[in-house]
There are 2 protein chains.
Amino acid sequence: MWLRPERPARDRQLSRVAIVTAAVAVLDAEGTPGLSMRRVAAELAVTAGSLYWYVDGKDELLELAADQVTGEVDLPAAGSGDWRQALAQTARSQRAMLLRHPWAASVLSRVPNMGPNALRAADRTLATLAGAGFSPDLADAALTAVSNQVTGAVIAETAWRAVVTGPAATLADWQRDAAGYLAQVTERYPHVAARLTAPAPDMEAASEARFDLALDCLLDGLRARLGNRS
Amino acid sequence: MWLRPERPARDRQLSRVAIVTAAVAVLDAEGTPGLSMRRVAAELAVTAGSLYWYVDGKDELLELAADQVTGEVDLPAAGSGDWRQALAQTARSQRAMLLRHPWAASVLSRVPNMGPNALRAADRTLATLAGAGFSPDLADAALTAVSNQVTGAVIAETAWRAVVTGPAATLADWQRDAAGYLAQVTERYPHVAARLTAPAPDMEAASEARFDLALDCLLDGLRARLGNRS
DNA sequence: ACCTGAACACCGTTCAAGT
DNA sequence: ACCTGAACACCGTTCAAGT
């Protein structure tokens, strides 16, 4: 009788959050190609089929995972500060979050994020903009422009990072491996070759600077179109 | 002897371009989930394994397909017109192309497009910008900002389109199907709900207008940072 | 050189059957 | 109600074997 295992406190071993959390862990560790229902199930010491009791399928699981990580975005306090700083802070925080979870950016290309965390973030910024005198249309355009800039920048950056982190370990390694192709590129496309062969010791900082520049351009333009009410 | 089939003019039945073209056709018709090696092979009346003689694998095939459609982008003539119009035209043409081939945008999130067509386009714009007095860094930032805005906008737009074109056929249908969720959203997130429940009879035009606004903001900002040399 | 056919290891998803 | 186990139909990729 000492061998008789104690019955689990609950019959239920699984939960939706447990599944989503496991999925996020797998995605962070091995990226989109590493995610499979069987893999997530194994992570939870469970059978693949049982996941379908809590989740509709792989696509829904990916959407849930994407919204879970959107919860990591820092939102400025409700009615605090000026709109420009609020928008910039949200954008930078969202960019940082997507760079931490690169797979999330590619989920967005299949389904718009309409989970609670995404809606909350969008609602918060729209409220801020409305309070600053933006018309509904302009507020909409502003939110769209900034978040599109974020996702576009993250997609380009992670795609490039995947090249460098693939077979090659560093930028210099890649430049050596692809030397043949780069030579051909240099000959035919001199301007773009300058970008590729540049030493660029701190690529991360450079792309952050480029992002900040684009963001500033957008914010300047929005302020100009807002008129001089604020 | 009349039954003896004429020998084919060439032994070779396949070619890389034939494979890529078939892949693009499948992708356009059925999207990324519809693409499989076996499907492309069937399209060419051939066995799946034979594709590997011409192509390294599915990932490479996707990259080749993406670069093939980037060839559809209209590039402004080499040294013609002002930089602003050239950049805007390229961006709009690229946006239109990605909306025609939505799967291409999601390919970019895995691998940066370094195919010949993409390099040619990038080189052309960089040359135009250099000719207009842009420093290499600013030209780089300009190209990055604009093309990131394009991909971000297209990703958001096609993702949204997938929602509406999924089970529901039109925006009104979707609004009816998701009425329960929308009611909950309206209560909790009033600002964002206004976006979702709006009638918006011409969504395509609206998102094009938003894109043009963002593009104009970026171009204005770049001109300001260029100084008054041009 | 180029393509077939079959195999391998893996998928997502379903569903009876158990508890 | 919740989970297992097995099955189904499909993958990408490899590779001997044919021609």
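- Applying a 4.0 Å cut-off to non-hydrogen atoms, none of the residues of residues 15-23 of chain B approaches DNA chain D.
- Residues passing the side chain to side chain contact (heavy atoms under 4.5 Å, CB included) test with A:Asn117, sequence neighbours excluded: A:Asp67, A:Thr70, A:Arg120.
- In terms of the side chain to side chain contact (heavy atoms under 4.5 Å, CB included) criterion, residue partners of B:Gln94 (sequence neighbours excluded) are, by chain and number, B:Val73, B:Leu98, B:Ser147, B:Val150.
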- Message: Using salt bridge (Lys or Arg N to Asp or Glu O under 4.0 Å), reason through B:Arg16 and B:Glu60 one step at a time and then give a plain yes or no.
- Response: CA-CA 11 Å; B:Arg16 182 178 264 196; B:Glu60 184 182 298; 3.3 Å; yes

List, one per line, each side-chain donor-acceptor pair under 3.5 Å for residues 46-57 of chain A, sequence neighbours excluded.
unit_1	atom_1	unit_2	atom_2	d
A:Ser50	OG	A:Thr47	O	2.6
A:Tyr54	OH	A:Leu14	O	3.4

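- For B:Glu30, the side chain to side chain contact (heavy atoms under 4.5 Å, CB included) test picks out B:Arg39, with sequence neighbours left out.
- Note on A:Arg92 versus A:Asp74: no salt bridge recorded, every NZ/NE/NH1/NH2 to OD/OE distance being 4.0 Å or above.
- Partners of A:Asp59 according to the side chain to side chain contact (heavy atoms under 4.5 Å, CB included) rule, which considers only residues two or more places apart in sequence or in another chain, are A:Arg110.
- The side chain of B:Trp53 contributes an N or O atom lying less than 4.0 Å from OP1 or OP2 of C:dC2.
- With D:dC2, C:dC3, D:dC3 as the candidates, the nucleotide lying closest to the side chain of B:Gln13 is C:dC3.
- When all heavy atoms are compared, the tightest approach of B:Leu27 to B:Thr32 is CD2-CA, 3.8 Å.
- The stretch residues 108-115 of chain A does not touch DNA chain D, since none of its heavy atoms comes less than 4.0 Å from the strand.
- Remark: A:Glu204 CD is loosely packed, at most 12 non-hydrogen atoms of other residues, nucleotides or ligands lying under 6.0 Å away.
- Among the duplex regions that DNA chain C forms, those built from at least three successive Watson-Crick or G-U pairs under 3.5 Å are C:4-8 with D:12-16, C:12-16 with D:4-8, ordered by first number.
- For residues 94-107 of chain B, the pairs satisfying salt bridge (Lys or Arg N to Asp or Glu O under 4.0 Å) are B:Glu72-B:Arg100, B:Arg95-B:Glu157, with sequence neighbours left out.
- Looking at heavy atoms from C-beta onward, B:Ser207 lies out of side-chain contact with B:Trp160 at the 4.5 angstrom threshold.
- With sequence neighbours excluded, no residue satisfies side-chain hydrogen bond (donor to acceptor under 3.5 Å, both in side chains) with B:Arg124.
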- Task: Scan nucleotides 5-19 of chain C nucleotide by nucleotide, 5' to 3', and note B when protein non-hydrogen atoms come under 4.0 Å of the base, S if they reach only the sugar-phosphate, - if neither.
- Result: B-B---BBBB-----

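- Sequence neighbours left out, the pairs with a member in residues 186-197 of chain B that pass salt bridge (Lys or Arg N to Asp or Glu O under 4.0 Å) are A:Asp140-B:Arg195.
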